[in-house]
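In what follows, every heavy atom counts, from backbone to side chain, and hydrogens, waters and symmetry copies are set aside.
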Amino acid sequence: MAMGTDFSPLERALLNDHQHDFPLCPRPFAELARRHGVDEDTVIRVLQGLQGSGAVSRVGAVVRPNRIGASTLAAMAVPQADLERVARLVNGFDEVNHNYERRHEYNLWFVVAAPSRQGLSRVLADIEGATGLPVLDLPMLEDYFIDLGFSIQWE
């Protein structure tokens with residue numbers, strides 16, 4: 001994926017350099033700040049700005065599915081003209097950790113995690129209520145591990 005040149009060197013580093021080996025310590029943003037020669041508040045402010053602009057949806061841990069609580073892959077068939085609005089609605093749920101578009105009848109895919117299977121079912125029902133569209137629940141039957149870190153190609 002090629003991205004624009006509107007990002008500062010610190011923004012580029014924060015977007016690209018910490019997709020793996022994010023510091024696991026009591027003050028991870030202070031550690032990132034040390035690595036980049038800035039202060040912790042600057043790192044937090046820059047990440048908040050990236051999140052506010054939509055360049056980053058979240059900064060946080062990814063826990064192995066169904067080790068803590070319950071999770072599922074979900075999909076929706078969304079009319080193309082309504083895709084952006086529905087994606088924003090889905091992203092508004094704290095239990096959704098990311099969503100993405102696919103070229104398929106089911107064109108909006110996302111992962112949902114909740115404290116329990118019952119809570120997960122409630123969230124899926126709430127998403128259906130908020131969007132007016134049915135959600136296909138695809139619970140994991142077998143786990144596969146893929147690396148979701150992608151090196152960003154700057155223009």
Side-chain angles (χ1 to χ4, degrees), residues 1-24 28-29 32 43-155:
M1 165 194 273
M3 295 196 65
T5 58
D6 297 340
F7 296 106
S8 72
L10 180 58
E11 288 171 324
R12 288 180 181 205
L14 292 173
L15 286 169
N16 201 44
D17 297 354
H18 306 291
Q19 296 180 49
H20 301 96
D21 302 322
F22 192 85
L24 297 176
F29 302 114
L32 292 178
V43 168
I44 292 170
R45 181 177 41 77
V46 168
L47 288 173
Q48 287 173 332
L50 290 169
Q51 189 170 19
S53 72
V56 171
S57 61
R58 64 184 282 273
V59 175
V62 175
V63 178
R64 190 173 179 174
N66 299 313
R67 296 292 188 223
I68 300 174
S71 62
T72 194
L73 177 64
M76 299 173 72
V78 181
Q80 194 63 39
D82 209 19
L83 188 60
E84 287 295 323
R85 181 190 71 83
V86 172
R88 279 194 303 275
L89 281 172
V90 169
N91 268 348
F93 284 83
D94 289 339
E95 296 87 351
V96 173
N97 66 23
H98 67 279
N99 72 38
Y100 54 96
E101 180 182 3
R102 294 184 74 179
R103 293 182 188 181
H104 186 270
E105 175 187 350
Y106 287 92
N107 55 351
L108 183 64
W109 293 69
F110 49 98
V111 174
V112 181
S116 64
R117 182 65 206 180
Q118 182 180 23
L120 185 64
S121 296
R122 179 192 46 77
V123 172
L124 296 177
D126 289 349
I127 290 172
E128 287 182 338
T131 63
L133 297 167
V135 175
L136 182 63
D137 179 6
L138 301 163
M140 183 175 66
L141 301 177
E142 186 174 340
D143 55 352
Y144 297 91
F145 294 97
I146 58 173
D147 183 354
L148 293 177
F150 300 99
S151 180
I152 299 171
Q153 303 301 309
W154 304 103
E155 290 180 6

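- To the nearest 0.5 Å, atom CG of residue Leu15 and atom CZ of residue Phe150 are 14.5 Å apart.
- Closest non-hydrogen pair, Met76 versus Val90, comes out as SD-CG2, 4.0 Å.
- Between the side chain of Glu95 and the backbone N or O of Val112, no donor-acceptor pair lies under 3.5 Å.
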Show your working on side chain to side chain contact (heavy atoms under 4.5 Å, CB included) between Val78 and Arg85 and close with a plain yes or no. CA-CA 10 Å; Val78 181; Arg85 181 190 71 83; over 6 Å; no

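- Heavy atoms only, all atoms of each residue included: Phe7 and Arg12 are closest at O-NE, 3.5 Å.
- Interatomic distance, Leu89 CG to Asp126 CG, rounded to the nearest 0.5 Å: 12.0 Å.
- Distance check, rounded to the nearest 0.5 Å: CG of Leu14 to CD1 of Ile44 gives 11.0 Å.
- Looking at Glu105, its side chain never comes within 3.5 Å of a backbone N or O of Ala77 through a donor-acceptor pair.
- Within a 6.0 Å sphere centred on CG of Asp94, other residues, nucleotides and ligands contribute 12 heavy atoms or fewer.
- Counting all heavy atoms, side chain and backbone alike, Ile127 lies closest to Phe110 at CD1-CE1, 3.8 Å.
- In this structure the side chain of Asp147 never reaches within 4.5 angstrom of the side chain of Gln19, judged on heavy atoms.
- Ring pair Phe22/His18 is perpendicular by interplanar angle, where above 60° counts as perpendicular and below 30° as parallel.
- Shortest non-hydrogen contact noted between Asn16 and Ile152 is OD1-N, 2.9 Å.
- Residues Glu128 and Val135 share a closest heavy-atom pair of OE2-N, 2.7 Å.
- Scanning all heavy atoms of the two residues, the minimum distance from Ser71 to Leu120 falls at C-CD2, 3.8 Å.
- Using the six-membered ring where Trp is involved, Trp109 and Tyr100 have ring planes that are parallel, under 30° apart on the 30 and 60° scheme.
- In this structure, the separation between CG on Leu108 and CD on Gln80 is 10.0 Å, given to the nearest 0.5 Å.
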Side chain to side chain contact (heavy atoms under 4.5 Å, CB included) between Met140 and Leu73: does it pass, once the steps are laid out? CA-CA 7 Å; Met140 183 175 66; Leu73 177 64; over 6 Å; no

